[in-house]
Amino acid sequence: MKQELEKQILAAVQALFNVDVHVELSRPEEQFGDYASNVAMQLSKQLGKNPREIADQLKPKLEELDLVSGVEVAGPGFLNLKLTDAALVQAAQIEPAKSLAGKVVVAEYSDPNPFKVLHAGHLYTSVVGDSIANLLELAGAEVHRVNFGGDVGMHVAKTMWAIIKQFGGEDPQQLNDIPADQHAEWMAAAYIEGTNAFEDDESAKAEIVVLNKRVYQLHNENDHDSPFAQIYWTCRQWAYDYFDAFYDRIGTKFEKYYPESQTAPLGLETVRAHIGEVYQESDGAIVFDGEKHGLHTRVFINSEGLPTYEAKDVGLVILKKRDYNFDRSVVITGNEQLQYMSVVLKSIEQFEPELAANTTHLTHGLVKLQGGVKMSSRKGNILRAVDVLDEATEAVKALGQSEDDQIVLGAVKYSFLRQRMGGDIVYDPKESVSLEGNSGPYLQYAHARARSVLARAAESSHADGAQLRSDAHVPQARSASVLPDHPSSHDATAALNGVEFENGERSLIRKIGEYTEVVNKAVNELMPHHICTYLYELAQTFNRFYENNRVVGDEREKIRLALVQRYAETLRSGLSLLGITAPDKM
RNA sequence: GCACCCGUAGCUCAGCGGAUUAGAGUACUUGGCUUCGAACCAAGGGGUCGCAGGUUCGAAUCCUGCCGGGUGUACCA
């Protein structure tokens with residue numbers, strides 16, 4: 001619809017002035033119209049006329065367009081277009097573009113490390129990454145969600161050191177004494193102890209360095225039997241079990257974990273194969289000289305011969321390509337890895353330019369505590385992922401409701417998603433997970449309300465003994481995670497054909513019609529927060545409509561029911577892109 | 001030092017080349033439930049968009065400089 005109009009406006013410009021211009025319609029405030037164009041200002045200089053004069057000439061041409069019911073010239077020369085009611089109904093039926101149809105996309109995010117705790121930042125990146133993956137999927141891509149994490153490396157050695165110290169030796173039997181529900185916390189505590197020892201105690205530090213090598217060695221030798229290996233593999237599995245349980249709780253699922261132990265050998269091999277042409281030896285380490293490209297120089301293989309994170313990431317990129325033969329790879333990490341990642345990608349570009357070009361690195365900010373307190377897993381003053389969920393659960397309980405994970409997750413996810421990705425997130429345990437105003441539960445409530453109206457309408461049509469009309473079909477409660485099926489939405493909009501809307505009705509159908517444009521924008525930019533902003537406006541529009549317009553029993557009931565149904569479906573679709581469920585009751 | 005990111009109401013954030021009063025939420029002050037769900041709606045106060053220049057018909061938005069904060073800067077991830 002928007003593109004169609006833009007094309008028609010361009011045609012009008014060409015016919016009138018015989019010049020080209022980039023026409024881009026915007027959505028003005030409702031009082032000014034449905035679309036606004038600034039072509040007159042753009043053309044002003046080129047045509048040597050003042051913008052209002054151009055706009056006045058264009059106005060009658062645009063008034064002739066089928067989709068347009070009125071045109072106003074406003075301000076310095078804006079053309080405000082008002083759509084016909086039929087056009088609004090039509091806009092509300094358009095599906096988002098399948099711009100990625102047939103493309104294979106690998107989305108990597110979350111990336112927690114085994115042997116360490118899941119903190120609020122992991123929750124954040126999981127939620128945002130999941131939503132971005134949903135956007136890619138909606139655009140028609142075949143999306144593979146994968147996870148990358150360090151099952152080898154210094155953090156593992158630190159944790160292992162503390163465990164062995166606690167056990168008084170390499171005694172895997174004692175693992176049986178750790179209660180299953182405390183595995184994660186127990187390992188997190190060991191990590192903190194190991195990290196402190198590493199910093200404060202020289203002999204411990206030396207021991208940890210040795211353990212680090214032994215962990216790599218254990219992988220090389222495929223050792224599952226030695227006491228040391230038994231402790232390692234058991235704890236590693238505990239970590240993955242803990243991740244799985246967590247992802248299950250927040251409603252996301254990964255297809256594959258890429259442990260570093262798996263990408264390390266391939267990375268090592270790849271980097272070594274390109275020594276001389278891409279990577280250089282320097283002080284006993286293998287580095288990539290990023291300075292030639294205006295970047296940092298970074299170590300890929302350290303002087304111990306072990307791969308650093310850089311080499312592991314090189315291996316990961318290649319492994320993903322082998323596994324999925326992707327058209328595009330999206331990697332989501334924290335901001336602090338921005339410059340680091342450009343070094344890795346620049347080095348890959350030297351021998352696999354396409355691979356580097358098809359990789360998109362998106363970054364997000366830190367989750368910080370109110371007052372700018374920085375979290376440190378070493379000091380243990382971190383906000384764990386479960387703490388965030390627990391706080392939100394308390395807030396829901398405080399409303400006198402039984403705890404409902406749908407609402408809890410709705411609140412948490414929305415509070416993370418509504419901010420543009422990139423900046424830091426300030427998390428205030430008390431207020432951040434709000435249930436009122438611009439919040440997830442507000443949207444869920446606005447959905448439940450609409451469903452309740454639809455349900456009541458269905459009841460009363462039974463009570464009247466009236467025949468169940470096919471166009472008054474109301475979907476019964478479905479699994480909240482299921483996308484609305486399209487046939488029912490066509491039923492809904494069918495009742496709207498040829499209707500002349502009253503004010504509140506028109507506002508609602510107008511807003512519904514923006515959905516597709518917003519989704520397309522969010523997909524193009526991979527920015528889920530656009531969906532949040534829109535959905536909140538949509539729900540607000542509905543709540544105002546609901547306040548002022550009786551639905552059930554009104555003489556315009558049929559029209560209004562159709563509107564409410566289309567609205568509820570749109571809201572549910574949008575929420576599903578955010579990974580938020582739309583309950584029928586709450 | 002150099003590189004990158006950020007600075008919009010008390011607080012948390014949208015807006016990222018467009019306009020008539022710079023928008024939301026929250027907090028604060030008020031009004032609205034015998035009528036489809038008040039986790040809602042309506043009204044009010046609150047901002048020289050960090051500062052200073054520049055480009056433009058038009059700048060919170062683009063450019064430059066400065067101030068403030070954060071991150072990165074060779075064997076951590």
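All figures in this text were calculated on a predicted structure; none of them were measured in a lab. Letters go in sequence order (proteins before strands), and every chain restarts at 1.
Here the closest non-hydrogen pair linking A:Leu211 and A:Ala157 is CD1-O, 3.8 Å.
Using a 5.5 Å limit on the distance between ring centres and a 30° limit on the angle between planes, the aromatic ring of A:Phe32 counts as stacked on the six-membered base ring of B:U20. With its ring centre under 5.5 Å from that of the base six-membered ring and a plane angle below 30°, A:Tyr546 counts as stacked on B:C36. Residue side chain A:Phe78 meets the stacking definition with respect to B:A19: its ring centre sits within less than 5.5 angstrom of the base's six-membered ring centre, and the planes differ by less than 30 degrees.
When the side-chain nitrogen and oxygen atoms of A:Lys585 are compared with OP1 and OP2 of B:G37, none of them lie within a distance under 4.0 Å. Between B:C40 and A:Arg544, no contact under 4.0 Å exists linking OP1 or OP2 to a side-chain N or O.
For the salt bridge (Lys or Arg N to Asp or Glu O under 4.0 Å) criterion with A:Glu537, the lone passing option out of A:Arg418, A:Arg510, A:Arg544, A:Lys511 is A:Lys511.
Residue contacts shown for A:Asn113 are limited to sugar-phosphate atoms, with no base heavy atom under 4.0 Å away. Here A:Asn549 lies in heavy-atom contact (under 4.0 Å) with a base. Residue A:Ser439 is classed as having no contact, given no heavy-atom separation below 4.0 Å to the nucleic acid. Residue contacts shown for A:His447 are absent, as no nucleic acid heavy atom lies under 4.0 Å away. Across all strands, A:Asn302 comes closer than 4.0 Å to base atoms (heavy-atom distances). When heavy atoms are screened at a 4.0 angstrom cut-off, A:Ala446 is found touching no nucleic acid atom at all.
With a 6.0 Å cutoff to the six-membered ring centre and a 45° limit on the axis angle, A:Arg27 counts as a cation-pi contact of A:Tyr35.
The interatomic distance linking A:Asp424 (CG) with B:G72 (P) rounds to 12 Å, in whole Å. Counting to the nearest Å, the P atom of B:U56 and the NZ atom of A:Lys45 are 7 Å from each other. Distance NE2 (A:His529) to P (B:C13): 13 Å, rounded to an integer number of Å. With rounding to whole Å, A:Leu366 atom CG is found 9 Å from B:G70 atom C1'. Nucleotide B:A39 holds its P atom 21 Å from the CG atom of A:Leu409, rounded to whole Å.
A salt bridge links A:Arg556 with A:Glu505: at least one charged nitrogen is closer than 4.0 Å to a carboxylate oxygen. Residues A:Asp34 and A:Lys82 are not paired through a salt bridge, judged by the lack of any N-O separation under 4.0 Å between the basic side chain and the carboxylate. We find that A:Arg560 and A:Glu502 are joined by a salt bridge, their nearest charged nitrogen and carboxylate oxygen being less than 4.0 Å apart. Between A:Glu310 and A:Arg298 a salt bridge is recorded (basic side-chain N to carboxylate O distance below 4.0 Å). Note on A:Lys397 versus A:Glu394: salt bridge recorded, some NZ/NE/NH1/NH2 to OD/OE distance being below 4.0 Å.
Taking atom C1' in both B:C2 and B:A24, one finds a spacing of 39 Å when rounded to whole Å. B:A3 and B:A59 have their C1' atoms separated by 27 Å, with the value rounded to a whole Å.
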Would you list the protein and nucleotides 1-7 of chain B atom pairs, both N or O, that sit under 3.5 Å from each other?
residue	atom	partner	partner atom	Å
B:A3	O2'	A:Gln339	NE2	3.4
B:A3	N3	A:Gln339	NE2	3.2

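Below the 3.5 angstrom threshold, one finds no donor paired with an acceptor across the side chain of A:Thr308 and the base of B:A77.
Not counting sequence neighbours, the partners of A:Thr297 by the side chain to side chain contact (heavy atoms under 4.5 Å, CB included) test are A:Val287, A:Asp289, A:Glu291.
Near RNA chain B, meaning a heavy atom under 4.0 Å away, the residues from residues 534-543 of chain A are A:Tyr536, A:Gln540, A:Asn543.
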Next item on the list: Dump the intermediate steps for side chain to side chain donor-acceptor pair (under 3.5 Å) on A:Tyr232 and A:His219, then the final yes or no.
Entry: CA-CA 10 Å; A:Tyr232 172 82; A:His219 277 280; 2.8 Å; yes
